[in-house]
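Scroll down for the structure; my scribbles are underneath it.
Each chain gets a letter, A, B and so on, in the order its sequence line appears, and its residues count up from 1.
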Amino acid sequence: MTAYTKTETQDAPSRAERVQIVKSPGGLTAWLVEDYAVPLVALEFALLGGAAQDPKGKPGLATLLAGMLDEGAGPYDSDGFHRALEEYAVELSFSADRDFISGRMQTLARNKEQAFEFLRLAVTQARIEEEDFERVKGQVTASLRRELNDPDHAASRAFRAYAYPDHPYGTPLRGSLETLPSIARSEVLDARAATFARDSLRIAAVGAIDAQTLGKYLDQAFGALPAKASLVPVPDVVFSGEGSRHVIDLDVPQSTIRFGRQGIARRDEDFMPATVVNHVLGGGVFSARLFREVREKRGLAYSVYSRLVDQEHGSMLWGGTSTKNERAAESMQVIEAEIRSLADQGPSEEELEKAKKYLIGSYALRFDTSTKIAGHLARLQAEGYGLDYLDERNKLIAAVTLEDAKRAAKRLFGDGSLLVTLVGRPVGM
Amino acid sequence: MPGPAALTPSASNPATPSGPTVATARLENGLDIVVIPDHRAPVVTHMVWYRNGSADDPIGKTGIAHFLEHLMFKGTSNHPVGEYSELIADLGGQENAFTSNDYTAYFQRVAKEHLKVCMEYEADRMRNLVLTDDVVAPERDVVLEERRMYTDSDPAHLLSEAVQAALFTRHPYGAPVIGWGEDVALLGRTDALAYYERFYTPENAILVVAGDVEPQAVIDLAKSIYGAIPARGEAPKRARPREPDIRGHRLVTLADEKVEQPSFQSLFRVPSYRTAARGEAEALEVLAHYLGGGQASLLFKTLVIDKKIAVSAGAHYIGTALDDTRFYIYAMPAPGVSLEALDAEVEKIIADVARNGIDEADLARAKTRLVADAIYAQDNQSTLAQWYGASLTTGLTLEDIAAWPERIEAVTAADVTKALHFLDRQRSVTGFLLPVEAAA
């Protein structure tokens, strides 16, 4: 087996060297991977702020703002804008996440001039008309109704609410049936005025475009935005509810479970060791402990995983599974035992090596399509990483020692107490 | 996915730029090979497709194709359970598998220098699978949990199953891919092995490799690894009962206390790319986009924007299928609008189009958008590999795939209007998802 297992760091060409940092004449910055093999251009940007900026009692505001950007802009009404995008086969979409609003554009290279014009209109001249606003609100409301009794959504909603009771991270990203009606169009306009600015913009582009052309188009698309955003300061937050368990009754044959606890932040020196030990616990591989113990050995669940979720103002360990009501208690016992075991003893030398090999080797799989590369590069910038991270990331993982991993496991899993939310009719819990 | 991607430039559409050249070969044991080079990243997608899916499940054994897909990860006489999966993970690779109505596919995505390992892995389990009751029983529980998770806990999914079962009364497209729970609970080791013996043969498989590779090197490597598998003589036959032309509109209603948002769907049995007369499937593809492909479509504009009786609406054609297939129309009503009213309005829209013909500008736009998908697909080696695999396992040829953009371009307004006759209410099934109080 060892014949195949040279690690990528030994002979990997630099990823950072393929990226140009483009400065537009107007002062905007973008990361660009220039590549003409396929006649396409992909662009992704992030505007810092996101749903964490939603005022108290108004969750869902950032989602509505993102949803309104392609509902008519400049000379086009909503219908006209969608027709125009389709006429040039331009893909344009926007979404809100916890810490930023993202935009994605993909175009055939021959239509890039029109594509950047549509981007300009959406970002700087979205109409956000009352009638369209009510319609989009109706669409979000319908999807919230559809998900109200969906076990996955219900378990995740409850988990966040218990984990962050007094923080925007605890609210539902798209709002709730109670809060959505109270959001006015004027509040969406205010949110745009506060957050859409050149200094909070992080841009990445990939494909058949050169730096000079990109710079020119960036100034056209984003140049009219104000220089500075006025973001509301968001406090850092500590995870709540460890050691508590909450059952939400729903008449379904399976219990859907979310579990987690305080995580380790990306700025923390133990972030990479924690990333590696989380992979040992619940990464998406056959050898992950949760997969082996919960699914493979006992047939308790189809899906079982854990993740290290790093947000700008707080991080968490977050996992989930779904198991029939009669075996929910057994599943939780198995999961808790694995977490305690990792906290006490850390991973084995072999587990550590396997996790590092996977995390290092699989990084390449994030760079095989223009849209994936643009998304990753925009996200890295939004999270405050420099270009050097593209090459440093795997070296940091390679440098994690068993001692580091044991220390991080102790910190990450602590006494093993978890916040648990269960939706269903779990027996004996 | 709207349809297969084209990689070759088409004469009638000079605006479509040329893509990579696809290489093909067939080994002496009957294994087909397709290689799709993409040199932008040092990564390769390796897939083995089998020309069997849930529609080939024996009577009373629904779910066996999907169950076997799970069991294919349980080790072989040469490599115990988990060995190859751990090796792939050690290489930084990802792997998985999926089962559909007409095919089952296994894939790995790895750095290009590891292609050989992937081939050894798939070649090994194409002939050497070992199953014991110790691994079969817990895995059956896993599948039952998968069913509980996606289907049994979700009224919308349960309704979809019921609607499919009403649309296909004899043809196995009427059964869910994962199988009916009652059947799955009884599947065992001998069922799985019998199925494996029948279908997992080189004659029944297609190797699709996409990524940073040289075609001849891939074919040579495949010859040395897959070529060692003995031929079985001929490919297994797929024999499925024909679906009769059942007249009479059928309404399937599911009311559940978990439902807060009602929804509507209409399903029509229509020809697939394989069963359609020349140009008919392409016309259905264009019709689906014209009627319900996004916010610029007729259904969305009429129901959501103009009449405000729906919050969403769309249409979809599942053209990639071995046998006659499905055309969907779906919508979610605005508050206070009944599903009956929505259903009647959809029927009226279809009748209006049939009577008044279709708008040429809208038609041109729909075709532009569809054809562009073939170019967008070139950005993603996995997408390309999936389009080729799905097309070839459902009876299409490489020529069909290459000609797809031209054939879409060639669709006329008259073709689309003619395709409307497939949306015959008297042969359709409508599904209503309702809250309990509304149904009472």
Please classify the contact between L108(A) and chain B as side chain, backbone, both or neither, with a heavy-atom cut-off of under 4.5 Å. both
With chain A as the partner, which of H289(B), H39(B), R140(B) has the greatest number of non-hydrogen pairs under 4.5 Å? H289(B)
Side chain from CB out, backbone as N, CA, C, O: work out which of these in M332(B) comes under 4.5 Å of a heavy atom of chain A, or both, or neither. side chain
Max heavy-atom pair count under 4.5 Å with chain A, selected residue of A41(B), G293(B), A296(B): A296(B)
Give the intermediate values and the outcome of salt bridge (charged side-chain N to carboxylate O under 4.0 Å, His left out) for residues E146(B) and R295(A). CA-CA 11 Å; E146(B) 184 181 0; R295(A) 174 170 161 159; over 6 Å; no
Taking every non-hydrogen pair under 4.5 Å, which of A361(B), A111(B), G82(B) racks up the most with chain A? G82(B)
Under 3.5 Å, is there a donor on one side chain and an acceptor on the other for T369(A) and N380(B)? no
Decide if atom CD of E130(A) counts as having more than 12 heavy atoms of other residues, nucleotides or ligands within a radius under 6.0 Å. yes
Please flag which part of Y358(A) lies under 4.5 Å from any non-hydrogen atom of chain B: side chain, backbone, both or neither. both
Does any non-hydrogen side-chain atom of T368(B) lie less than 4.5 Å from one of E86(A)? no
Using the rule given for salt bridge (charged side-chain N to carboxylate O under 4.0 Å, His left out), can you reason through K354(A) versus E86(B), listing the C-alpha separation, both sets of side-chain angles and the distance that settles it, and then say yes or no? CA-CA 8 Å; K354(A) 289 178 96 58; E86(B) 295 208 24; 3.0 Å; yes
Looking at D141(B) and G299(A), would you say the former's side chain and the latter's main chain have a donor-acceptor pair under 3.5 Å? no
K74(B) versus chain A, heavy atoms under 4.5 Å apart: side chain, backbone, both or neither? side chain
Under 4.5 Å from a heavy atom of chain B, the part of D150(A) involved: neither
Looking at A301(A), S287(A), P151(A), which has the largest count of heavy-atom pairs under 4.5 Å with chain B? A301(A)
Let me see the working for D152(B) and Q254(A) under side chain to side chain contact (heavy atoms under 4.5 Å, CB included), right down to the final yes or no. CA-CA 8 Å; D152(B) 301 332; Q254(A) 206 177 40; over 6 Å; no
What part of K372(A) is in contact with chain B, defined as an atom under 4.5 angstrom from a non-hydrogen atom: side chain, backbone, both or neither? side chain
Counting heavy-atom pairs closer than 4.5 Å to chain A, which one of R365(B), Q94(B), Q261(B), E260(B) comes out on top? R365(B)
Using non-hydrogen atoms and a 4.5 Å limit, figure out which bit of P333(B) sits close to chain A: side chain, backbone, both or neither. neither
Are L144(B) and Y302(A) close enough, and set up right, to give a side chain to side chain contact (heavy atoms under 4.5 Å, CB included), and what steps lead you there? CA-CA 8 Å; L144(B) 288 168; Y302(A) 172 69; over 6 Å; no
For the CD1 atom of I305(B) and the CD atom of E131(A), what is their distance to the nearest 0.5 Å? 8.0 Å
Could you look at P253(A) and say if it's the side chain, the backbone, both or neither that has a heavy atom under 4.5 Å from chain B? both
I'd like to know if the side chain of E71(A) pairs up with that of Q295(B) as donor and acceptor (distance under 3.5 Å, no hydrogens or angles considered). yes
Region of V206(A) that comes under 4.5 Å of a non-hydrogen atom in chain B: neither
Count the heavy atoms of every other residue, nucleotide or ligand shown that sit under 6.0 Å from CZ of F286(A), and state whether that count exceeds 12. yes
Using non-hydrogen atoms only, which part of R292(A) is less than 4.5 Å away from chain B: side chain, backbone, both, or neither? neither
When the 4.5 angstrom heavy-atom criterion is applied to E95(B) and chain A, the contacting part is neither
Whatever's closer than 4.5 Å to a heavy atom in chain B on D251(A) counts as both
Less than 4.5 Å to any heavy atom of chain A: does that hold for the side chain of H70(B), its backbone, both, or neither? side chain
Residue part contacting chain B, namely of E353(A), when any heavy atom lies under 4.5 Å: neither
So for L365(A), is it side chain, backbone, both, or neither that comes closer than 4.5 Å to the heavy atoms of chain B? both
Taking every non-hydrogen pair under 4.5 Å, which of A372(B), S153(B), S85(B) racks up the most with chain A? S153(B)
For residues D379(B) and S370(A), report the shortest heavy-atom separation together with the two atoms involved. OD1-OG, 2.6 Å
Test log, rule side chain to side chain contact (heavy atoms under 4.5 Å, CB included), inputs I375(B) and L40(A): CA-CA 8 Å; I375(B) 305 173; L40(A) 299 170; 4.0 Å; yes
Engaged part of A142(A) at the chain B interface, taking heavy atoms whose separation is under 4.5 Å: both
Interchain contact, E139(B) with chain A, by part (heavy-atom threshold 4.5 Å): side chain
Look at K301(B) together with D79(A) and state whether they make a salt bridge at an N to O cut-off of under 4.0 Å. yes
Considering all heavy atoms, the nearest R298(A)-P138(B) contact: C-CB, 4.4 Å
Side chain, backbone, both or neither: which part of L300(A) has an atom under 4.5 Å from a heavy atom of chain B? backbone
Using non-hydrogen atoms and a 4.5 Å limit, figure out which bit of T371(A) sits close to chain B: side chain, backbone, both or neither. both
Under a 4.5 Å heavy-atom cut-off, does chain A meet the side chain of Y376(B), its backbone, both or neither? both
Do any N or O atoms from the side chain of Q139(A) and from the backbone of V311(B) form a donor-acceptor pair under 3.5 angstrom? yes
What closest approach, in Å, do S322(A) and E145(B) show between heavy atoms, and which atom pair accounts for it? O-OE1, 3.9 Å
Tell me, side chain or backbone of D154(B) under 4.5 Å from chain A's heavy atoms, or both, or neither? neither
Checking side chain to side chain contact (heavy atoms under 4.5 Å, CB included) for the pair R109(B)/D368(A): CA distance, chi angles, key distance, verdict? CA-CA 10 Å; R109(B) 288 172 30 73; D368(A) 69 337; 2.8 Å; yes
So for atom NZ, which belongs to K307(B), do other residues, nucleotides or ligands contribute more than 12 heavy atoms lying within a distance under 6.0 Å? no
Taking every heavy-atom pair that is under 4.5 Å apart, which of R135(A), R327(A), K356(A) has the most such pairs with chain B? R135(A)
Selection from S362(A), G424(A), G284(A) maximising heavy-atom pairs under 4.5 Å formed with chain B: S362(A)
Region of V304(B) in contact with chain A, defined by heavy-atom distances below 4.5 Å: both
Using heavy-atom distances under 4.5 Å, tell me whether E296(A) contacts chain B through its side chain, its backbone, both, or neither. both
By a 4.5 Å heavy-atom criterion (distance strictly below it), what part of D362(B) contacts chain A: side chain, backbone, both, or neither? side chain
Is there a side-chain contact between S255(A) and R148(B) (heavy atoms, below 4.5 Å)? no
